[in-house]
Number of protein chains: 4
Amino acid sequence: MTPPRADAIRNRARILEAAEQVLVEHGTTVSTEEIAKAAGVGIGTLFRHFPTKEELIRGVFEARLQRLAADATRLATDGDPATALATFLRQAVEQSEVKNALTSMLASAGVDVRDLTGEPQRALREALATLLRKAQQSGAARQDLEVPELIGLLAGTSKALEYAGDAASRSRILAVVLAGLRAG
Amino acid sequence: MTPPRADAIRNRARILEAAEQVLVEHGTTVSTEEIAKAAGVGIGTLFRHFPTKEELIRGVFEARLQRLAADATRLATDGDPATALATFLRQAVEQSEVKNALTSMLASAGVDVRDLTGEPQRALREALATLLRKAQQSGAARQDLEVPELIGLLAGTSKALEYAGDAASRSRILAVVLAGLRAG
Amino acid sequence: MTPPRADAIRNRARILEAAEQVLVEHGTTVSTEEIAKAAGVGIGTLFRHFPTKEELIRGVFEARLQRLAADATRLATDGDPATALATFLRQAVEQSEVKNALTSMLASAGVDVRDLTGEPQRALREALATLLRKAQQSGAARQDLEVPELIGLLAGTSKALEYAGDAASRSRILAVVLAGLRAG
Amino acid sequence: MTPPRADAIRNRARILEAAEQVLVEHGTTVSTEEIAKAAGVGIGTLFRHFPTKEELIRGVFEARLQRLAADATRLATDGDPATALATFLRQAVEQSEVKNALTSMLASAGVDVRDLTGEPQRALREALATLLRKAQQSGAARQDLEVPELIGLLAGTSKALEYAGDAASRSRILAVVLAGLRAG
DNA sequence: AATGAATGAGGGTTCATTCAT
DNA sequence: GATGAATGAACCCTCATTCAT
């Protein structure tokens, strides 16, 4: 009934933020205690907001999906249809800051990344669909591609970039994928 | 000094085999006990052969690398230079049987996949170098590609395929990557 | 100094009532939060009235003792001396509604039921003393019995009845105890 | 296949023994750690033998039932039919060493004492049946009594005795119950 | 006075690793 | 060499209690 207290909202956000950082850095095996410490809250507070480690991880994951969806939507609206898809992929993939792609967070236990149920997943799928359609209409992407492949390639490219030794290597990997997307 | 007993050798092999299967199926979080059970040996035996869980995982990983290197070498020797690289990538990636790519095994704890030290890594690198050189000479691969990118793309493609819903989706993802490798 | 606010009084009563119900149903291991929810108040409120879980439990216990004492007093005043004691025991023991006797609430942690200090304990002891004396004078109870035994038998009979499978079994258990009380 | 190792058997026994003592003394809320310490084993060992706290408690309980059943059987075989039942009840009830009856251990969480499934329960029921039948045949017990009531009275008497202040009080409580059992 | 978010000690349980058999 | 029982640090999570709102 009553709206949540201001400090509760703030804490939830801090936890999500810290969790993302710590999880991306150390993988899902880090202890919840570690995450709580990074967020500057007690362990009890963390569990009040996310009653299960799995739910916390899912929360982080879905927040990430939401940001991706927002990015995709923005580009689909504002950007040049011919380049928007490539730009999106570049951005999305940069964001993971070299270490551990958006998905390897969940690689191991718990969350099944391929579960496309859930609102954030739906939002991302829809935004990507628009982006892809526009790219295809302007000849910037193969006609046969569909959204699931796009998501896979997003995750895969992230993964691939982990192996790049330097910036030149990174850009060559990206070039390969982008060329592949274009090629009809 | 004395050569290992016959049953010791056999046990080592059984452990590696069982470990690969179990790790691929359940991720690195499975207990060593589980692995020992799958191998049909006591945990004591497992730890005698691999004094650490990490070393066991590394062992599985390197065995896989060795098989990859052997495949690559075979194709580099016997195959058509123009198609060998693509064939290799297809094979390598199929092998992981949809579930869990060769690298996500190590994603979380312990082993850093990008560590290219070690004999198996060297062997794979060398085999891939040959494969890549021949492909480039016959115009089947971009001139700017180097081995690290190839390894990254290998891992990334595996990852990407985890998201494919059906065979058609799989083959489109592969098509994208292969086209990208070719495109100059 | 100032008398407590009307709602404070009402809340205290609601908490005691809810606590009795929940404690009897689930045992002393239920969380205070659960009790607060059942009472329709926040935990903060619960802890304002009973600064400790133990004190809450003791509160519930003493309320129960007070009701027992009132029953005993009423029967000692109004009832037939020859049957009042038996009637009391029957009533007291029925009240716990098969599930969890008045004492098993306190069995585990905290409250020592045998602590006879405290006003409610004193009141019950006194009422029972009267009841017992009258019964003995009218030959309805053994001469050697004293109040502590009576209290023990009360608790014990409650406990015994938990094992009764049906009404017939219950009444046989009661019959045994009542006969025993009478037998000289 | 192979019989359990000697030390494993010994440890299991030590754990059960220590657990009984500690549980009877402090109730089921004591930590497993405490029990392990009392048994002189590591926490891991305790959980290897009893994978759950509940199973440990049940183990203790059933061991106790087995001893009771053995006592009952012995008395039913060797003893004077006219006194065996009373002797059994006296023994059983003394055994709990004043503090906490055999059942209050389980009063709170987990084990439902009234669950009469299980081999030890069956054994006790059967032994009590014999004891009871003989007592009834020799006129030492009411004809209408059945085993469930006997079990309930056993537990109830234990409980009642917790309230006895001194030996005299204890023996009066016992006298009441024994007289009740006899009375026809 | 009432609320419920925050806290952290403590609890049950797992699991990599060691070591007696 | 092989076995599996023993170990205890570490983990996830609960809950009595405190305190800002």
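As the structure is a prediction and not an experimental result, all values here were calculated from the model. Here is the naming used below: chain letters follow the sequence lines, and residue numbers restart at 1 for every chain. Computed over heavy atoms, backbone and side chain alike; hydrogens, waters and symmetry mates excluded.
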Using whole Å, report how far [atom1] of [X] lies from [atom2] of [N].
X	N	atom1	atom2	value
B:D7	F:dA2	CG	P	5 Å
A:I9	E:dG4	CD1	P	15 Å
D:E34	E:dT13	CD	P	16 Å
D:E33	E:dG12	CD	C1'	10 Å
D:R48	E:dT18	CZ	C1'	13 Å
D:F47	F:dA6	CZ	P	15 Å
A:K37	F:dC12	NZ	P	13 Å
A:E54	F:dC13	CD	P	9 Å

Earlier contact from the 5' end, DNA chain E, for D:F50 and C:G44: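 It is C:G44 whose nearest nucleotide is closer to the 5' end.
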Upstream residue (5' side of DNA chain E) when C:T45 and A:N11 are each assigned their closest nucleotide: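 The 5'-side residue here is C:T45.
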Identify the nucleotide, in any strand shown, that forms a Watson-Crick or G-U wobble pair with E:dT13, with both distances under 3.5 Å; if there is none, say none.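 Checking every strand shown, E:dT13 finds its partner in F:dA10, with both distances under 3.5 Å.
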Complementary nucleotide of E:dT21, counting Watson-Crick and G-U pairs under 3.5 Å: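 Because both required distances fall under 3.5 Å, E:dT21 counts as paired with F:dA2.
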Start at the 5' end of DNA chain F and walk down; is the nucleotide closest to A:T52 or to C:P51 reached first?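 Per heavy-atom nearest nucleotide, the more 5' residue is A:T52.
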Report the residue (D:L46 or B:V41) whose heavy-atom-nearest nucleotide on DNA chain F is the more 5′ of the two.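 Counting from the 5' end, the first nearest nucleotide belongs to B:V41.
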Check whether any side-chain N or O of C:H49 sits under 4.0 Å from OP1 or OP2 of E:dA1, and answer yes or no.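 Looking at the OP1 and OP2 atoms of E:dA1, neither is under 4.0 Å from any side-chain N or O of C:H49.
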Do A:E119 and A:Q66 have side chains that approach each other closer than 4.5 Å (heavy atoms only, starting at C-beta)?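 Not in contact.
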Report yes if some heavy atom in the side chain of D:F61 is under 4.5 Å from a heavy atom in the side chain of D:Q121; otherwise report no.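 Yes; the side chains approach each other to less than 4.5 Å.
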Options E:dA6, F:dG4, E:dG12, nucleotide nearest the side-chain atoms of D:K53: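 Minimum distance to the D:K53 side chain belongs to E:dG12.
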Side chain A:K53, main chain A:T28, donor-acceptor under 3.5 Å: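 Checked: pair present.
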Closer than 3.5 angstrom, by distance alone: can the side chain of C:S31 be matched with the main-chain N or O of C:E34 as a donor-acceptor pair?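 Pair found, side chain donor or acceptor close to backbone of C:E34.
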What's the separation between atom CG in C:D7 and atom CZ in C:R14, rounded to the nearest 0.5 Å?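 Interatomic distance, C:D7 CG to C:R14 CZ, rounded to 0.5 Å: 10.0 Å.
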Looking across every strand, which nucleic acid part, if any, lies under 4.0 Å from B:T32 by heavy atom: base, sugar-phosphate, or nothing?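 The answer is base, as B:T32 lies within the cut-off (heavy atoms under 4.0 Å) of a base atom.
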